[in-house]
Each structure stands twice: as structure tokens, then as C-alpha cells.
Visitor: 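My questions will all concern the structure given below.
Per chain, numbering begins at 1; letters A, B, ... match sequence-line order. Both backbone and side-chain heavy atoms feed into the values below; hydrogens, waters and symmetry mates do not. For clarity, every value in this text was computed on a predicted model and none was experimentally measured.
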Amino acid sequence: MNKKTSPPTSASRRKFMKSAALSAAGIMIVPRHVLGGPGYTAPSDKVNVGVVGVGGRGRRNVEALLQLDEVQVTAIADPAEYWELYDFYYQSEAGRGPVKEMIDLAHEYDAPVLLDGAQSVPHMAVDVQELDCDFFVFSGHKVFGPTGIGVLYGKEALLEDMPPYQGGGDMILSVTFDKTVFNELPFKFEAGTPNIAGTIGLGEALNYLSTVGFDAIGAHEDHLLRYATEQLKAIEGLRIIGTAAKKASLVSFDIEGVHPHDIGQFLDFEGLAVRTGHHCTQPVMDRFEVPATTRASFALYNTTDEIDRLVAGLKNIVEIFKG
Amino acid sequence: MDELKELYQQVILDHNRAPRNFGTLEPHTHAAEGDNPLCGDHIDIFINVKDGVIEDIKFSGEGCAISKASASLMTSVLKGKTVEEARKMFEEFHDLVTKDDYLPDFDKLGKLAVFAGVRTFPVRVKCASLAWHTMLQALKEEEQMVSTE
């Protein structure tokens, strides 16, 4: 941190976190071990903040946060602007939120950017060089590959600077009593026997996605999203939550008088899998003043017939709960 | 679908729509807060005990139909019962929703028997029992946070 400023006390950190949380809904709650403090290890003296765009405020939050010496923005994800349903028209294109813009902004302040692509990679082409993100990560199972494996992309110079995080076979080039030389990239970070089967499986999954092509995937998912949005809007008491202009192909909603867990239970019997609950985003639930939502996510394998079944199932649930 | 109808019986749907004893109770002699962190269900239980008898009991909070109906029916059943009886009812209810080979005593359970369908849905046991665990905790201590996790 800047030596000219006095070190932040835990009180000022708390004060900052409090005011940041109050100022906008778009502040990610940072785990205790990241924040540091007695009994916890902080990775640096700075407060590390991840910003998730909620509404149109994501960009302003980042700008404000970057002004603070004690703050380091370490993650930015999917910021998106509000939109009205009647304006709804979505065209598939890379960079759904102003991600590129925010990366450039972060770089103006020398903040490295790690982009979490777990949600975007199965649905759209991502050009990490064009985005100029410093790191990019995604999970194997989100691209229809095996579990327990993922991908870390990093700029070579940054990866060269980073020490190995794990010891084991292949990460060492030579060891003597005088010195240890680590292996070159990527072996430096791949200690021990790798997840060979997982790697082959993930490679095949990515080949498959490339064969189908992201233009085709995007067009199909757009069609499903438009169709589902229109059909779901017609259901009595249903409110769609999350209406970004260029949103991904999923619909989160609540239905008046029916808790999402009950909705999920009924749809399960129809053979329809939806996610119910707070989706690990409790502050967003607070923002929309709902305890939970139901979320139907669409991917390249879904069909409009399934959306029809979803709509029929929901109408049935509305009837049952209305009594 | 039969299992689903067994789970969402009319009595449960009715108590979900119009929960009994819903609200806060001030002043109260006992209270506890219950949470099901995984699904976000939250409940507050307020009890007034006089001479070992539950004179009044209310609940507030948010949750699915099963958890709301369970709290509603529990408060209806426990009002007027002694603290000792309430503890015994807890055991009875717990067995009803968790034990496969349990033969429900319908005389003892009364309306609570509608929750017999819960045991075929293991993930919903927590929904049905949150109110009961919170009630038990309230009787045990003054102000406490309960978790079903």
C-alpha cells in the first residue's frame, strides 16, 4: 500500500465495507479470510473487492472504489444495465456487459483483472486477448465436460511472476542444495500426476462446443430466451427478475403466493429441472425484496417444447396454490 | 404424482394461504429464531408460558408451503398444551417425518398427521421440522438462533 498514508485500522476497514455495502447493491460480500484481521491472513494490506453489476450502478461503483488507496478491485463479473421488457431485443455478441470497458478502466489504475467465465464460456465466444483481461477462468462441468477440472488463463508475464502454489512432480526443473529451479509454464503450476482423464474429457467437450459453433448456440439460446420470456409473462402473478438488455439465456422469476421451493418440487415431478433458492446471491434477493426465486436456464440442448411444458406446469401450480 | 398430492395436502395448502397464529407476540416469555441456511427459510417463534402452560404462541418469517403450514399447524396444536406435552409432541412429530417404519398415532397427532407424506421427500424434512426445532429451542433458552444445518 501507499506508504504516505497511514495503515488502515480494522475500524476504518469495517467503516469502509459498511459504507460500500450501503452505497450500492453491487458490492460482493468478501469472505473473511480475504479481508484479513486477527486470526486471518490477508493477501495484502489492501481491501480486495469484487464488483458485480446490479442495475446500472456497477460501473459507477468501480470508478468510486478505484479512487480509494485501500481498495484493490480484484474481480468484475457480468455488469449489465436495466432495460424495459418492451425494448427487449437481444443480439448475440461477445461481451454482454460493458466488460471490456471495465477492464480498460481497471488497467488505468494498474488493477489486474480476473474474469470469471464459468457462466459465459458455454454460451458465447470469448476472446481473452481482445478483452485484455489478465486472467480468465472457467469450470469444466459448465461446458458439459467433467467435474473437478477447469481452466486458468493468465498473461504470461503475470504467470511468470507468480510462485508455484503447490509442490510435487513436474513443477521442478532442478533441485540442488544450492538452489531450486522451477519448471517453465504451465508445468510450474501442475504439480503431481495430473487429472489426465478429466483433461481429455474437457478437451473433447470444448471440441464439441466449437463444432456446434457459438453463432448457432447463441442464435438458439436467444430464440429460447425470447420465447420463454413471452410465454412466462402471460402467467398470472409471475414477475421476471433480472431484465438486462443483453442478458444470458435464462429467466429468473417469482410467482405471487407460491414459494420457489414448492414450484421446484412440482416441476421436478414434471421432469423439469429448475434452480430454486437464493442462487448464492442473498444481497440480490434483498435488492429485489424476495426470499428466493425460481430460475430456468437454457442451453444449446433445450427446446421450445420444454418451455411449453414449463409454462403448463407453472399454470397448474398457480391453480393449485390459489385454491 | 400421488406422492406429490400426499405431500401437498389440502390442509397444507390452506395453512400456507392463510397461516394461523402468524405475527409477533409482545411481550413474550420465550422466543427463538430459526434458519434453514441452505434454502433461506427463516422463522421467529414467540411463546408465552404461564405456570407451565403455553398460553399463546405465534410465528413470523418466510418459507415454503411445507414450512409455513408446519409452523401454522404446530402453533394451533400447541396452544393450551403444557411445556412437557409440547416436548413430547416434538418427538412424535420428528418420528413422523423422519422414521420410515414409524406407525403414526393419529389420536396423538391429530391434524399433524398430514405431514406423514414428508418422509418420502428427505430434502423437505428440514422444511417441516424447522418450526418445531425453533419452538423447542425457544422453550430451552431465552433468545437463540437455531439452524437445521
Visitor: Are there residues of residues 55-73 of chain B that reach to under 4.5 Å of chain A by heavy atoms, and which ones?
Guide: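 Residues of residues 55-73 of chain B touching chain A at under 4.5 Å: B/Glu62, B/Gly63, B/Cys64, B/Ala65, B/Ile66.
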Visitor: I want to check something: taking the side chain as every heavy atom from C-beta on, are B/Asp35 and B/Asp41 in contact at a cut-off of under 4.5 Å?
Guide: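 Result no, sub-4.5 Å side-chain heavy-atom pair not found.
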Visitor: Tell me whether A/Arg309 contacts the main-chain N or O of A/Glu270 through its side chain, where contact means a donor paired with an acceptor under 3.5 Å.
Guide: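 Looks like yes, one N/O pair under 3.5 Å.
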Visitor: Which atoms of A/His261 are under 4.5 Å from chain B, going by heavy atoms: the side chain, the backbone, both sets, or neither?
Guide: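 Its backbone and side chain both get close to chain B.
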Visitor: What residues of residues 79-101 of chain B make heavy-atom contacts with chain A at a cutoff under 4.5 angstrom?
Guide: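 Near chain A, by residue number: none.
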Visitor: Between B/Thr120 and B/Pro122, what is the shortest heavy-atom contact and its length?
Guide: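 B/Thr120 and B/Pro122 have their closest heavy atoms at O-CD, 3.4 Å.
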Visitor: Can you check whether A/Thr294 reaches A/Leu314 side chain to side chain, under 4.5 Å on heavy atoms?
Guide: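 No; the side chains remain at least 4.5 Å from each other.
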Visitor: Report which part of A/Ile263 has an atom under 4.5 Å of a heavy atom belonging to chain B: side chain, backbone, both, or neither.
Guide: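 Contact with chain B involves no heavy atom of A/Ile263 at all.
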Visitor: Count the heavy atoms belonging to other residues, nucleotides or ligands that lie under 6.0 Å from CD of A/Glu289, then report whether that count exceeds 12.
Guide: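 Atom CD in A/Glu289 is not crowded, with 12 or fewer foreign heavy atoms closer than 6.0 Å.
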Visitor: Can you tell if the side chain of A/Phe269 reaches within under 4.5 Å of the side chain of B/Leu7, non-hydrogen atoms only?
Guide: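 No; the side chains remain at least 4.5 Å from each other.
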Visitor: Tabulate, in ascending numerical order, the residues of residues 11-23 of chain B having at least one heavy atom closer than 4.5 Å to a heavy atom of chain A, or enter 'none'.
Guide: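 Interface residues of residues 11-23 of chain B: B/Leu13, B/Asn16, B/Arg17.
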Visitor: Give me the atom names and distance for the closest heavy-atom approach of A/Ser252 to A/Arg295.
Guide: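 Shortest heavy-atom separation between A/Ser252 and A/Arg295 comes out as OG-CB, 3.9 Å.
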Visitor: Minimum heavy-atom separation for B/Leu78 to B/Ile54, with atom names?
Guide: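 Nearest heavy atoms, B/Leu78 then B/Ile54: O-CB, 3.8 Å.
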Visitor: Once the angle between the rings of B/Tyr8 and A/Phe266 is folded into 0 to 90°, is it parallel (under 30°), tilted (30 to 60°) or perpendicular (over 60°)?
Guide: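 Because their plane-to-plane angle lies in the 30° to 60° range, the rings of B/Tyr8 and A/Phe266 count as tilted.
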Visitor: Looking at A/Thr293, is its backbone amide N or carbonyl O close enough to the side chain of A/His279 to form a donor-acceptor pair, meaning the two atoms are under 3.5 Å apart?
Guide: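 Present.
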Visitor: Write down the atom of B/Thr29, the atom of B/Val49, and the distance for their closest heavy-atom approach.
Guide: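 Where B/Thr29 meets B/Val49 most closely, the heavy atoms are OG1-N, 2.8 Å.
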Visitor: Under the rule for salt bridge (Lys or Arg N to Asp or Glu O under 4.0 Å), what residues qualify as partners of A/Glu319, not counting sequence neighbours?
Guide: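 If we apply the salt bridge (Lys or Arg N to Asp or Glu O under 4.0 Å) test to A/Glu319, skipping adjacent residues, the hits are A/Lys322.
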Visitor: Answer yes or no: is there a side-chain heavy-atom contact under 4.5 Å between A/Val151 and A/Leu202?
Guide: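 Side-chain contact under 4.5 Å: yes.
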Visitor: Between A/Gly277, A/Ala292, A/Pro291, which residue shows the highest count of heavy-atom pairs closer than 4.5 Å to chain B?
Guide: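 The candidate making the most pairs under 4.5 Å is A/Pro291.
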Visitor: Are the side chain of A/Glu306 and the backbone N or O of A/Thr303 linked by a donor-acceptor pair below 3.5 Å?
Guide: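 Side chain of A/Glu306 to backbone of A/Thr303, a donor-acceptor pair under 3.5 Å: yes, one is there.
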